[in-house]
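Report on the structure given below.
Note that these values count all heavy atoms, side chains included, but never hydrogens, waters or copies made by symmetry. In what follows, chains are A, B, ... by sequence order, proteins preceding strands, each numbered from 1.
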Number of protein chains: 4
Amino acid sequence: MSALQRVAPRRAKSQLRITELLRAAREVFSEHGYQQATTALIAERAGVSEATVFTYFAGKRELCIQVIKDWYDEISTELEREMPHLQGIHAKISFVIRHHLITLLADGFGMCALVLGEGRTVGPELSSVITECARRYTAPLMDCLAQAREDGEVRQDMPLRLMRDLIYGSMEHVLWDSITDQKRPAIDQTAEQLTALVWSAITPPNASLEALTRFRDEVRQALLQTQQAAPSHSS
Amino acid sequence: MSALQRVAPRRAKSQLRITELLRAAREVFSEHGYQQATTALIAERAGVSEATVFTYFAGKRELCIQVIKDWYDEISTELEREMPHLQGIHAKISFVIRHHLITLLADGFGMCALVLGEGRTVGPELSSVITECARRYTAPLMDCLAQAREDGEVRQDMPLRLMRDLIYGSMEHVLWDSITDQKRPAIDQTAEQLTALVWSAITPPNASLEALTRFRDEVRQALLQTQQAAPSHSS
Amino acid sequence: MSALQRVAPRRAKSQLRITELLRAAREVFSEHGYQQATTALIAERAGVSEATVFTYFAGKRELCIQVIKDWYDEISTELEREMPHLQGIHAKISFVIRHHLITLLADGFGMCALVLGEGRTVGPELSSVITECARRYTAPLMDCLAQAREDGEVRQDMPLRLMRDLIYGSMEHVLWDSITDQKRPAIDQTAEQLTALVWSAITPPNASLEALTRFRDEVRQALLQTQQAAPSHSS
Amino acid sequence: MSALQRVAPRRAKSQLRITELLRAAREVFSEHGYQQATTALIAERAGVSEATVFTYFAGKRELCIQVIKDWYDEISTELEREMPHLQGIHAKISFVIRHHLITLLADGFGMCALVLGEGRTVGPELSSVITECARRYTAPLMDCLAQAREDGEVRQDMPLRLMRDLIYGSMEHVLWDSITDQKRPAIDQTAEQLTALVWSAITPPNASLEALTRFRDEVRQALLQTQQAAPSHSS
DNA sequence: TATGAATGAGGGTTCATTCAT
DNA sequence: CATGAATGAACCCTCATTCAT
């Protein structure tokens with residue numbers, strides 16, 4: 001027990017160090033990108049010596065990989081927790097968009113740029129990690145798109161991937177613009193507008209319009225006949 | 001004349017070197033990104049000594065800026081040359097998408113990643129160059145979107161920028177996917193599909209469609225009640 | 001205590017490195033001048049790798065500045081410690097001259113050349129440091145000159161600065177000559193001679209001569225009268 | 001004759017190039033010092049290509065040597081032309097001082113710093129050239145000092161070199177001060193004052209003054225004894 | 001002769017990483 | 001375990017100098 005008591009705090013302390021290092025590293029990688037981030041700065045931000053970074057992580061690359069993994073884990077977990085509570089494809093897409101915009105803005109877009117732009121310069125190891133993480137992160141959306149397509153709520157003449165790219169790609173550019181302009185976008189409004197645009201894109205085109213038009217004509221016809229057959233009822 | 005003959009080849013040679021250096025630099029920057037690209041490698045690819053690079057360009061950053069400017073210049077010029085010959089907003093958007101996809105695939109996505117992901121880490125100088133170049137490149141699309149919106153061909157309840165982000169963002173993710181998958185997408189099909197998606201998104205969201213949907217629901221409700229009130233009619 | 005024992009050697013070692021680096025740097029800067037001195041050579045002389053130089057000093061310039069500061073500090077401290085014990089302006093000037101000659105010869109004139117000749121080529125930062133250090137170093141002499149001038153011991157028709165320039169300038173050229181000739185001057189003799197020369201230059205001209213002349217006349221008169229009053233004594 | 005006609009202009013043109021290059025080189029070496037001066041800048045100032053510099057001079061060092069030689073030649077020639085017309089050692093020293101101050105100020109002190117401070121960093125070749133040139137430049141002063149010493153007009157208990165160092169050294173520091181202060185000194189006044197100081201230093205330390213001082217001491221001694229021998233007189 | 005062009009040699013500086021304490 | 005200390009390996013950039021034209 002005394003051994004446990006001694007070990008447990010150590011583990012806890014150790015865990016604390018790791019957490020703190022990851023926090024600092026995410027900060028630095030976000031701000032400067034992978035290449036420009038220095039282990040020295042990360043150590044400083046974490047309040048430890050540079051050597052300590054290497055006590056807990058094999059190297060700069062491994063640290064970065066962990067940072068990215070953790071980040072994806074966080075945002076994926078959040079999504080996975082919230083999505084089941086939402087009813088209807090429209091609500092889900094709306095949530096995904098809003099959630100993504102808020103998340104990326106909160107991180108100053110840095111993580112996003114890290115993942116998208118610099119992943120390739122670090123090495124294939126990182127690339128595969130990113131691919132896998134991204135798959136999980138987009139899974140909730142993909143799943144509900146797939147379901148909705150089966151239900152005929154989204155068009156069936158498009159690959160799901162294309163719809164996903166449409167959704168996430170749009171947001172990325174919106175955020176990129178906001179970085180360039182140095183001003184934060186109106187998230188609520190942007191999310192609504194994007195949702196509307198995306199909705200128009202992925203819902204079956206015309207099909208419903210035509211069906212409805214036909215339906216309207218039938219109903220009108222029916223009504224007309226009804227009224228002619230029994231005019232006394234309405235008087 | 002003999003003077004010209006002596007001078008001309010020099011100029012030509014010099015110009016050749018610059019061209020060759022820019023070609024090599026674009027290659028290297030594309031492959032490795034800005035930070036990982038080395039002047040040594042660029043020189044090697046261009047078949048000259050490292051010092052020669054600095055004879056023609058003030059430094060690595062200036063060289064990179066020129067590479068980006070030239071790249072944008074090329075693809076912008078092409079767009080500007082072709083766009084006027086196209087009739088109708090749909091044709092133009094279709095062309096922009098196809099052209100962009102082809103261009104980026106040809107460059108192995110490297111230039112795109114360079115421009116989007118690393119601009120921020122190099123310095124504000126590069127950022128402003130990119131911003132300006134990007135503005136020119138997207139201008140043809142923006143112009144025709146603006147015109148179309150006036151004509152009522154695209155919806156008026158969305159900022160043009162959002163539509164632009166939708167278009168270019170989608171493509172970027174499509175390309176990013178293709179990089180990740182290590183396989184080239186079917187450009188023609190993808191372009192068509194993307195165009196269709198985008199078209200659905202940006203065209204006016206059929207006011208009548210919504211009205212009809214509401215109408216149908218009311219009618220159905222009414223019919224239901226009618227049928228319940230007078231079951232004898234159906235028999 | 002065990003913590004102290006562990007930490008103390010580290011500090012001591014670190015301090016030792018700095019001292020050693022400064023020693024090596026002074027050597028190299030003295031020998032080659034600022035521009036020709038290389039951090040590689042300094043590192044080699046200090047017995048460390050080149051990178052270590054940059055662990056302790058921000059750069060070549062900062063290292064050089066520290067070298068100059070330290071050098072001035074040493075020679076200034078020595079002066080300031082000895083001067084108060086000397087009585088009389090003549091003794092003080094004599095000491096300053098001797099001290100300066102010995103100091104500069106010991107350093108092989110290199111530091112002097114560094115300070116005088118190359119300060120301007122390194123940048124304004126170094127220049128201002130040198131100016132300030134030089135002010136302190138020459139202050140003891142300036143102070144005693146000022147005091148002596150008030151007391152009428154040095155001429156009042158000359159700016160103090162001019163006298164200072166006379167003193168230090170002479171020595172510099174003497175040393176420069178010795179460098180050129182590749183042989184060490186007889187310091188004692190040179191110091192004495194210089195002191196004599198300088199003394200003649202800065203003491204009030206004529207004043208004493210006139211006073212003495214007047215004194216002589218009075219005495220002669222007195223003697224004459226005495227002799228006349230008691231002629232028998234001399235016979 | 002036609003050959004001559006063709007050659008002569010060529011020689012003249014060639015000479016012009018050399019002159020222009022030397023002028024530009026003196027300018028650049030003066031401003032930046034030897035190490036910081038670049039052949040590129042010299043070529044630009046001379047209005048020729050960099051390669052041309054090497055057509056006329058074996059290299060940077062040789063060019064610098066020539067610049068220094070020429071500079072010394074100019075100022076030496078001027079001195080040698082003027083000195084014979086001056087009567088008296090005082091007038092000559094006065095002229096030398098004034099001339100030197102004016103010359104060095106005109107060159108912005110750059111040549112002086114080049115010669116004094118950086119000569120050593122260029123190589124022994126330059127050092128010997130400087131030594132020789134300096135010898136010639138100071139010869140007129142040395143000659144007249146030697147003559148004056150024979151005539152008893154300057155003190156005979158000091159080496160001539162020391163007097164020379166006193167004279168030139170003082171001026172150098174005066175000029176160095178003016179550089180540091182960023183303001184031009186009042187040349188006329190400074191020259192007069194320096195001359196006066198130097199004159200006091202090098203003229204025989206009044207033989208009569210010393211004799212008188214000795215005499216006074218004797219007399220005082222004598223008076224003291226007299227007073228002691230005949231105390232009754234004073235009571 | 002004059003030069004455009006090219007470069008070898010080297011310099012200062014950075015930084016991830018290692019290791020003894 | 002934490003770290004002070006040290007460094008190897010690069011990298012960007014400069015510049016005097018050469019040479020074919």
Side-chain angles (χ1 to χ4, degrees), chain A residues 10 13-14 17 35-43 47-63, chain B residues 2-3 5-7 9-14 16-18 35-43 47-63, chain C residues 2-3 5-7 9-14 16-18 35-43 47-63, chain D residues 10 13-14 17 35-43 47-63:
Chain A
R10 277 197 183 168
K13 201 179 174 188
S14 205
R17 273 277 141 86
Q35 305 290 350
Q36 292 289 78
T38 66
T39 53
L41 183 54
I42 292 169
V48 298
S49 81
E50 214 177 332
T52 301
V53 177
F54 292 85
T55 303
Y56 290 97
F57 297 92
K60 189 186 178 185
R61 192 167 62 239
E62 284 67 29
L63 178 52
Chain B
S2 108
Q5 277 180 340
R6 225 179 281 144
V7 167
R10 283 195 175 172
R11 287 255 167 91
K13 201 176 177 188
S14 186
L16 207 67
R17 271 283 131 84
I18 291 178
Q35 306 287 351
Q36 290 290 85
T38 67
T39 52
L41 183 53
I42 293 170
V48 296
S49 81
E50 209 176 339
T52 300
V53 176
F54 293 90
T55 303
Y56 290 98
F57 298 92
K60 188 186 178 185
R61 193 167 60 239
E62 284 67 29
L63 177 52
Chain C
S2 109
Q5 277 179 340
R6 226 179 282 145
V7 168
R10 282 195 176 173
R11 287 255 167 91
K13 202 176 177 190
S14 186
L16 207 67
R17 270 283 130 83
I18 292 178
Q35 306 288 351
Q36 290 290 83
T38 67
T39 53
L41 183 54
I42 292 170
V48 297
S49 81
E50 211 176 338
T52 301
V53 176
F54 292 88
T55 303
Y56 291 97
F57 298 92
K60 188 187 179 184
R61 193 167 61 240
E62 285 66 30
L63 178 51
Chain D
R10 278 197 181 169
K13 202 178 174 189
S14 203
R17 273 275 141 87
Q35 306 290 349
Q36 292 289 81
T38 65
T39 52
L41 183 54
I42 292 170
V48 299
S49 81
E50 214 176 334
T52 301
V53 177
F54 291 85
T55 303
Y56 290 98
F57 297 93
K60 189 185 178 185
R61 193 167 63 239
E62 285 65 31
L63 177 53

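- Listed here is the closest heavy atom pair of A37(C) and K60(C): O-NZ, 2.9 Å.
- F57(D) comes within 4.0 angstrom of no nucleic acid atom, judged by non-hydrogen atoms across all strands.
- Straight-line distance from the CZ atom of R61(B) to the C1' atom of dC11(F): 15 Å, rounded to whole Å.
- The interatomic distance linking Q36(C) (CD) with dA16(F) (P) rounds to 11 Å, in whole Å.
- Among the heavy atoms of the strands lying under 4.0 Å from A37(B) are primed sugar atoms or P, OP1, OP2 only; no base atom is included.
- Among the heavy atoms of the strands lying under 4.0 Å from T38(B) are primed sugar atoms or P, OP1, OP2 only; no base atom is included.
- Position along DNA chain F of the nearest nucleotide to E50(B) versus A51(C) favours A51(C) as the more 5'-ward residue.
- Comparing T52(B) and E62(C) along DNA chain E, the residue whose closest nucleotide (by nearest heavy atom) sits nearer the 5' end is T52(B).
- The shortest side-chain heavy-atom distance between L63(B) and Y56(B) does not fall under the 4.5 Å cut-off.
- Put simply, CZ on F54(A) is 18 Å from P on dA5(F), counting in whole angstrom units.
- Between R17(B) atom CZ and dA6(E) atom C1' there is a gap of 8 Å when expressed in whole angstrom units.
- One interatomic measurement links the two molecules: NZ of K60(A) to C1' of dA16(E), which rounds to 8 Å at whole-angstrom precision.
- Counting non-hydrogen atoms under 4.0 angstrom, T39(D) reaches a base of the nucleic acid.
- Here the CD1-CZ distance, from I42(D) to F57(D), works out to 9.5 Å after rounding to the nearest 0.5 Å.
- Spacing between atom CG of L41(C) and atom P of dG11(E) amounts to 9 Å, rounded to whole angstrom units.
- I42(B) has its CD1 atom 13 Å from the C1' atom of dC13(F), to the nearest Å.
- The side chain of S49(B) sits closest to dG8(E) out of dA5(E), dT17(F), dG8(E).
- Of the side-chain N and O atoms in T55(D), none sit less than 4.0 angstrom from OP1 or OP2 of dT1(E).
- Under the Watson-Crick or G-U wobble criterion, with both distances below 3.5 Å, dC12(F) is paired with dG11(E).
- Place Y56(B) and A40(C) on DNA chain E by their nearest nucleotides, and Y56(B) ends up nearer the 5' end.
- As rounded to whole Å, 15 Å separates atom C1' of dC15(E) from atom CG of L63(A).
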Yes or no on side chain to side chain donor-acceptor pair (under 3.5 Å) for T52(A) and T55(A), after CA distance, side-chain angles and deciding distance?
-> CA-CA 5 Å; T52(A) 301; T55(A) 303; 4.9 Å; no
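- If you check dT21(F) for Watson-Crick or wobble pairing at under 3.5 angstrom, you find it paired to dA2(E).
- Among the protein residues, V48(D) comes within range of the sugar-phosphate backbone only, with heavy atoms under 4.0 Å from sugar or phosphate atoms but none that close to a base.
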